[in-house]
S.K.: 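Starting off with a structure, shown below.
Note on naming: letters A, B, ... go to the chains in the order of the sequence lines (proteins, then strands), and numbering restarts at 1 for each one. Values in this document were obtained by computation on a predicted structure and should not be read as measured data.
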There are 2 protein chains.
Amino acid sequence: MEEKINMLIEKGVVPTTQRLIVFQHLEESKTHPTADDIYKALKRRYPIFSRATVYNTLFIFKEAGIIQELTLDKREIHYDPIPSPHHHFYCKVCKEILNIAISCPVAKKREINGHKVEDVQSTFYGVCKRCLKH
Amino acid sequence: MEEKINMLIEKGVVPTTQRLIVFQHLEESKTHPTADDIYKALKRRYPIFSRATVYNTLFIFKEAGIIQELTLDKREIHYDPIPSPHHHFYCKVCKEILNIAISCPVAKKREINGHKVEDVQSTFYGVCKRCLKH
DNA sequence: TTATAATATTAGAACCATTCTAAATTTAAA
DNA sequence: TTTAAATTTAGAATGGTTCTAATATTATAA
Ligand SMILES: [Mn+2]
Ligand SMILES: [Mn+2]
Ligand SMILES: [Zn+2]
Ligand SMILES: [Zn+2]
């Protein structure tokens, strides 16, 4: 816990109780939850939790470079506890988002055609291995 | 106009007046408009045009493989008259979306880790050349 | 420590892109 | 022409996200 507090302080984020809870939840979840996924999960254990706090916290974390926003779903935003760019696979059937470990020169670019690159998102859309079987 | 009609028929889309107008507008616009961009532009010239028709038409076109949906903006969906996958640059300052011609093995994959790939989207986020100057 | 200012949290309202609905119109088939 | 199917339309409904203003917490000053 002490390490988590220091981690947030290092990134310039005031380590409030709520932020530590959200941070821990993101670390534990191996998925790419939406703000509402997080809200619902935390609301069960901490009924006082507010939806606005989840949104505020995710915004703060994103600004601090602790997490990254994934804008690959047309419905809602997903959050990724891994802030560095990597590829994803989005299953149109079960809606699951999987990390894809693939070496791609594109993911490391800091500049392209004179434009300054700050983030990269590469997403494959289709039907996942599991859904193909069913 | 005759060729546009045939193009739609070939793709299995009934070539109604409204669909031809939307199709022509997409072809002429070199940008990546949102549904509302298209609606507002067409509403000026054809005041009877309905917002629902724009959404319906874009859905039909996407299903037919005439256009592609870009889910790179967290606010709204953008539409691309070029249906084949290519990279984009999204400027966080002026919100412009630019095509990036770059050879990338990722854009051609039809399969990855056993998952069936149907679409690919690769987007760079940052500050465009023009905005860097200002 | 106590007082004061700044920041964070909360519940719920507001916003707005998108989807839905049901009636009217157009197109296709019989 | 008649009938059925598909399309268009205006506006309502939906739902994820943002905003608001009151309260609570944390940081700073005295
Ligand atoms: Mn990921
Ligand atoms: Mn494009
Ligand atoms: Zn799946
Ligand atoms: Zn720009």
S.K.: Within this structure, what is the NZ-to-C1' distance between B:K62 and C:dT18, rounded to whole angstrom?
M.R.: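 Taking NZ of B:K62 and C1' of C:dT18, I get 12 Å after rounding.
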
S.K.: Locate the shortest heavy-atom distance separating B:G65 from B:K11; write the atom from each residue and the value.
M.R.: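 Closest approach of B:G65 to B:K11: O-NZ, 4.4 Å.
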
S.K.: Tell me the closest heavy-atom pair linking A:K109 and A:V117, and the distance in Å.
M.R.: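 Where A:K109 meets A:V117 most closely, the heavy atoms are O-CG1, 3.4 Å.
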
S.K.: Side chains of A:D37 and A:T34: donor-acceptor distance under 3.5 Å anywhere?
M.R.: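 Yes - a donor-acceptor pair under 3.5 Å links their side chains.
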
S.K.: Could you check whether the rings of A:H86 and A:H32 sit parallel, tilted or perpendicular, using 30° and 60° as the cut-offs?
M.R.: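 Tilted.
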
S.K.: B:R75 or B:I60: which one's nearest nucleotide on DNA chain D is closer to the 5' end?
M.R.: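 The residue whose closest nucleotide sits nearer the 5' end is B:I60.
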
S.K.: Keeping the roles fixed (side chain from A:K116, backbone from B:C128), state whether a donor-acceptor pair exists under 3.5 Å.
M.R.: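 No, the answer is negative, given that no donor and acceptor are paired below the 3.5 Å cut-off.
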
S.K.: Nearest whole Å is fine: how far is C:dT18 P from A:D73 CG?
M.R.: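 Distance, rounded to whole Å: 13 Å.
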
S.K.: Nearest nucleotide by nearest heavy atom, which residue falls closer to the 5' end of DNA chain C, B:V14 or B:A35?
M.R.: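 Looking at the nearest nucleotide for each, B:A35 comes out on the 5' side.
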
S.K.: Round to the nearest Å and state the distance from B:K74 atom NZ to C:dT18 atom C1'.
M.R.: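 Result: 18 Å.
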
S.K.: Once salt bridge (Lys or Arg N to Asp or Glu O under 4.0 Å) is applied, do any residues pair with A:K74, and if so which ones, sequence neighbours excluded?
M.R.: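 Listed in chain order: B:E69.
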
S.K.: Taking 5' to 3' order, which nucleotide of DNA chain D is first and which is last to have an atom within less than 4.0 Å of a heavy atom in chain A?
M.R.: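 On DNA chain D, the outermost contacted nucleotides are D:dG16 to D:dC19.
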
S.K.: Going 5' to 3' along nucleotides 9-15 of chain C, which nucleotides have protein heavy atoms under 4.0 Å from the base (write B), which only from the sugar-phosphate (write S), and which from neither (write -)?
M.R.: BBB----

S.K.: Can you give me the closest heavy-atom contact between B:H88 and B:I100, atom names plus distance?
M.R.: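 Scanning both residues completely, I find the closest heavy atoms to be C-CG1, 3.8 Å.
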
S.K.: For the residue pair B:Y90 and B:Y125, does the interplanar ring angle fall in the parallel (under 30°), tilted (30 to 60°) or perpendicular (over 60°) class?
M.R.: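 Judged by the thresholds at 30° and 60°, the geometry between B:Y90 and B:Y125 is tilted.
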
S.K.: Roughly, in whole Å, what's the span from OH in B:Y55 to P in C:dA17?
M.R.: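 Rounded to whole Å, this separation is 7 Å.
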
